[in-house]
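We count residues from 1, following the sequence as given.
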Amino acid sequence: MRVLAVDVGTGTQDILLFDSEQPIENCVQLVLPSPTEIAARRIARATREGRPVVLVGTVQGGGPCHWALERHLQAGLPAYATSEAAQTFDDDLDVVRAMGVTIVSPDEVRGIDGRAERVVLRDLDLEAIRRALMAFEVDTRFDGLALACLDHGAAPPGYSDRLFRFDHLRLVVEKGNDLLGFAFLPEEVPPYLTRARALLACAQGEGVPMVFLDTGPAAALGALQDPQVGGREEQFVINLGNMHALAFHLTGTRIRSLFEHHTGEVSREQLEDYAERLMAGTLSHDEVFGSKGHGVFYAEGPTGNRPPVAVTGPQRWKLKDSRLQPYFAVPHGDMMLAGCFGLLWAFAERHPQHREEIMARLGVGGS
C-alpha cells in the first residue's frame, strides 16, 4: 500500500511517500518550499524585473504570496488575476480590486502583455512532485492520497474570518469529539472550505481514495505517534506552525479543550500562560480572540491534572527553555513530518480496508 501524504503549510510543504512494505525511515520524505512561498518568489522576480504579473489557477494559501503581491503593487507595477485565483487574497473580489489588482477572465489572460510573469496558484502540484521523484528513480505510483492544509473558510461578508475558522473547529468537535473527526472524504468537505476543496480538486482524475485533514489535528495525530506522548493517559499538544499555533488538551484522540492563535502574535510568556489556563479551564475565548487569535473551546471540563506538554511544528523554538518544560515530539524520528504521519492515521481511519497494513507500520492502535 503506497500513500502520498502532503501537508501544505505556510513555509513548507511536507511530503511523505508511504510504502507499507518498507520501514517508515526508508520511505521517501521531502520538505520543500510551500506553494505560497513558491508563488511569492515568482511574483518577487517580476517585481525586481519591472514586469507585470498575471495570476491564474485556483484559491490557495496566502501569507507570503499575498505580501509579495502587495509589494509588487506598491512598486507601481500591474497585476492581473482570474476571479478564482484572486480569492487567494480575499473572498470578496471588490477587496482584491481595491488592492489594485485587475480581475480578468481566462480568455482575457491571453491578451495580457507577453512580458508578464504568469504565476499559477495551487496548493498541490502533483506533476512537480512526480518530476522530483523521477529524478531519483522513485516509482511515482501511489494507491491513495492524503492531503492537509489550514482553511479559514469563506466567511460571509462582514464576518470575521478568524471567528469563522474557529466556528468550523468548534462545530467539528461538537459533532464528534475526536481528532479523527477532522478527517473528511472529498465529498464530505463543507462547501465553505474553499481552499480544502480546491486542494482536493488538484488531484481530480487520479482515481485513488483520498482524505483531507486540517493541518492542526494532523500535527497532533502525528505527535501522538511518539511513544513519549501517546503513551500517556492525558496529553497537551501544541503545534507551533509558521502562521498558526493550535493547542489541544487531549485524552488520547479525544479533545478536552483547545485554543488557536497566530504564532507571530504571541510571545513565549503568552503561550505559557494560555496553555496553563486552558488546562485549568480559566482561559476565555474572548481573551484569545481579542488578542488577534482565533479562540478557545472547552468540549469537556478540566481534569485537575497537568499533563506533560508536547510541542511540534517549525516554530517550536519559541518554547525552548519554557517553564512548561515541554517535550519536543519526534514521531518516527522526524518532527517536520508529524502532519504526514497524522494524515496516514486519518487515511487508515476513513479507508478501513487499508487500516491494518497502515496502522501496523505506524505502530499505533486504530480508533
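Open room surrounds CZ on Arg141; 12 or fewer heavy atoms of other groups in view lie less than 6.0 Å from it. More than 12 heavy-atom neighbours from other residues, nucleotides or ligands sit within 6.0 angstrom of CD on Glu206. Under a cut-off of 6.0 angstrom, the local environment of CD in Gln204 is sparse, with at most 12 non-hydrogen atoms contributed by other residues, nucleotides or ligands. Sparse packing is recorded around CZ of Arg118, with 12 or fewer heavy atoms of other residues, nucleotides or ligands lying under 6.0 Å away. Counting heavy atoms of neighbouring residues, nucleotides and ligands inside a 6.0 Å radius, atom CD of Glu21 does not exceed 12 of them. Atom CZ of Arg42 sits in a sparse spot, with 12 or fewer heavy atoms from other residues, nucleotides or ligands closer than 6.0 Å.
There is a side-chain donor-acceptor pair under 3.5 Å between Thr12 and Asp14. Side-chain atoms of His168 and Tyr192 include a donor-acceptor pair closer than 3.5 Å. Using modelled atom types and a 3.5 Å distance limit, the side chains of Glu260 and His244 yield no donor-acceptor pair. Between His249 and Glu234, the side chains place a donor N or O and an acceptor N or O closer than 3.5 Å (distance only, hydrogens not considered). A donor-acceptor contact closer than 3.5 angstrom is absent between the side chains of His66 and Thr88. A donor and an acceptor atom, one from each side chain of Glu84 and Thr58, are located under 3.5 Å apart. At a cut-off of 3.5 Å, with distance as the only test, no side-chain donor of Tyr327 or Thr312 sits close to an acceptor on the other residue. Using modelled atom types and a 3.5 Å distance limit, the side chains of Glu233 and Thr251 yield no donor-acceptor pair. A donor-acceptor contact closer than 3.5 angstrom is absent between the side chains of Gln13 and Asp7. When only modelled atom types and interatomic distance are considered, Asp178 and Thr253 share a side-chain donor-acceptor pair under 3.5 Å.
No path of Ile, Leu, Val, Met, Phe, Trp and Tyr side chains, each step under 4.5 Å between heavy atoms, connects Val95 with Ile103, placing them in separate hydrophobic clusters. Both Phe259 and Leu319 belong to a single network of hydrophobic side chains, linked directly or stepwise wherever heavy atoms of I, L, V, M, F, W or Y lie under 4.5 Å apart.
Scanning all heavy atoms of the two residues, the minimum distance from Leu278 to Ala247 falls at CD2-O, 4.4 Å. Across Ala223 and Val229, no two heavy atoms sit closer than the pair O-CB, 3.4 Å. For the pair Arg316 and Ala329, the tightest heavy-atom approach, listed with the atom from each and the gap, is NH1-O, 4.2 Å. The minimum heavy-atom distance linking Ala196 with Phe212 is given by the pair CB-CZ, 3.4 Å. Closest approach of Ala220 and Leu179 over heavy atoms only: CB-CD1, 3.9 Å. Summarising the geometry of Leu200 relative to Pro186, their closest heavy-atom pair is CD1-CA, 3.9 Å, with the distance given to 0.1 Å.
Arg165 contributes no side-chain N or O that, together with a main-chain N or O of His294, makes up a donor-acceptor pair within less than 3.5 Å. Between the side chain of Glu108 and the main chain of Ser105, a donor-acceptor pair closer than 3.5 Å is present. Between the side chain of Lys292 and the backbone N or O of Val266 there is no donor-acceptor pair closer than 3.5 Å. Side chain of Asp151 to backbone of Arg195: a donor-acceptor contact under 3.5 angstrom is found. A donor-acceptor contact shorter than 3.5 Å links the side chain of Gln270 to the backbone of Ser267. Checking side-chain atoms of Lys175 against main-chain N and O of Gly181 turns up no donor-acceptor pair under 3.5 Å. Checked by atom type and distance alone, the side chain of Asn177 pairs as donor or acceptor with a backbone atom of Ile255 at under 3.5 Å. Side chain of Gln325 to main chain of Ser322: no donor-acceptor pair is present (N/O by atom type, distance under 3.5 Å, no hydrogens or angles). Proximity of a side-chain donor or acceptor of Arg268 to a complementary backbone N or O of Lys320 within less than 3.5 Å is detected. Side-chain atoms of Arg45 do not come within 3.5 Å of backbone N or O of Ala40 as any donor-acceptor pair.
A salt bridge is absent between Glu357 and Arg361: the closest approach of a Lys/Arg side-chain nitrogen to an acidic carboxylate oxygen does not fall below 4.0 angstrom. A salt bridge links Arg277 with Asp273: the closest approach of a Lys/Arg side-chain nitrogen to an acidic carboxylate oxygen falls below 4.0 angstrom. Note on Glu49 versus Arg115: no salt bridge recorded, every NZ/NE/NH1/NH2 to OD/OE distance being 4.0 Å or above.
In this structure the side chain of Gln235 never reaches within 4.5 angstrom of the side chain of Pro307, judged on heavy atoms. Using a 4.5 Å heavy-atom cutoff, the side chains of Met279 and Val309 are in contact. When side chains are defined from C-beta on, Arg306 does not count as touching Phe236, because their heavy atoms never get closer than 4.5 Å. Between Cys340 and Phe18 there is no side-chain heavy-atom pair separated by less than 4.5 Å. By the 4.5 Å heavy-atom criterion applied to side chains, Val364 and Leu224 are not counted as neighbours. At a threshold of 4.5 Å between non-hydrogen side-chain atoms, the residues His285 and Tyr298 do not count as touching. The shortest side-chain heavy-atom distance between Val101 and Tyr80 does not fall under the 4.5 Å cut-off. Pro217 is listed as a side-chain neighbour of Phe248, based on a closest heavy-atom distance under 4.5 Å.
To the nearest 0.5 angstrom, Glu349 atom CD is 9.5 Å from Leu221 atom CG. Put simply, CD1 on Ile358 and CH2 on Trp345 are 13.0 Å apart, with the number rounded to the nearest 0.5 Å. Cys202 contributes atom SG, which lies 12.0 Å from atom CD of Glu127 (distance to the nearest 0.5 angstrom). Leu55 CG to Thr102 OG1: the interatomic distance, rounded to the nearest 0.5 Å, is 11.0 Å. Rounding to the nearest 0.5 Å places CZ of Phe142 at 8.5 Å from CG of Leu17. Atom CD1 of residue Ile43 and atom CG of residue Leu77 lie 12.0 Å apart, to the nearest 0.5 angstrom.
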- Message: Run the side-chain contact (heavy atoms from CB on, under 4.5 Å) test on Leu163 and Asp161 for me, step by step, so that the C-alpha distance in whole Å, both residues' side-chain angles and the decisive distance to 0.1 Å come before the verdict.
- Response: CA-CA 5 Å; Leu163 188 55; Asp161 64 347; over 6 Å; no
- Item | Residues Glu300, Ser257; criterion side-chain contact (heavy atoms from CB on, under 4.5 Å); working and verdict | CA-CA 7 Å; Glu300 300 179 3; Ser257 57; over 6 Å; no
- Message: As a quick check of understanding, evaluate side-chain contact (heavy atoms from CB on, under 4.5 Å) for Leu344 and Leu362, giving each step before the final call.
- Response: CA-CA 8 Å; Leu344 290 174; Leu362 293 179; 4.0 Å; yes
- Query: Checking side-chain contact (heavy atoms from CB on, under 4.5 Å) for the pair Leu258/Leu246: CA distance, chi angles, key distance, verdict?
  - Reply: CA-CA 7 Å; Leu258 65 103; Leu246 181 55; 4.1 Å; yes
- Message: One pair to check against salt bridge (charged side-chain N to carboxylate O under 4.0 Å, His left out): Asp19 and Arg2. What are the steps and the verdict?
- Response: CA-CA 4 Å; Asp19 186 339; Arg2 292 163 63 85; 3.4 Å; yes
- I would like to know whether Gln225 and His332 meet side chain to side chain donor-acceptor pair (under 3.5 Å); could you show each step before the answer? CA-CA 7 Å; Gln225 294 173 49; His332 309 286; 2.8 Å; yes
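Taking the six-membered ring for Trp and the full ring otherwise, the centers of His152 and Phe164 sit at least 6.0 Å from each other.
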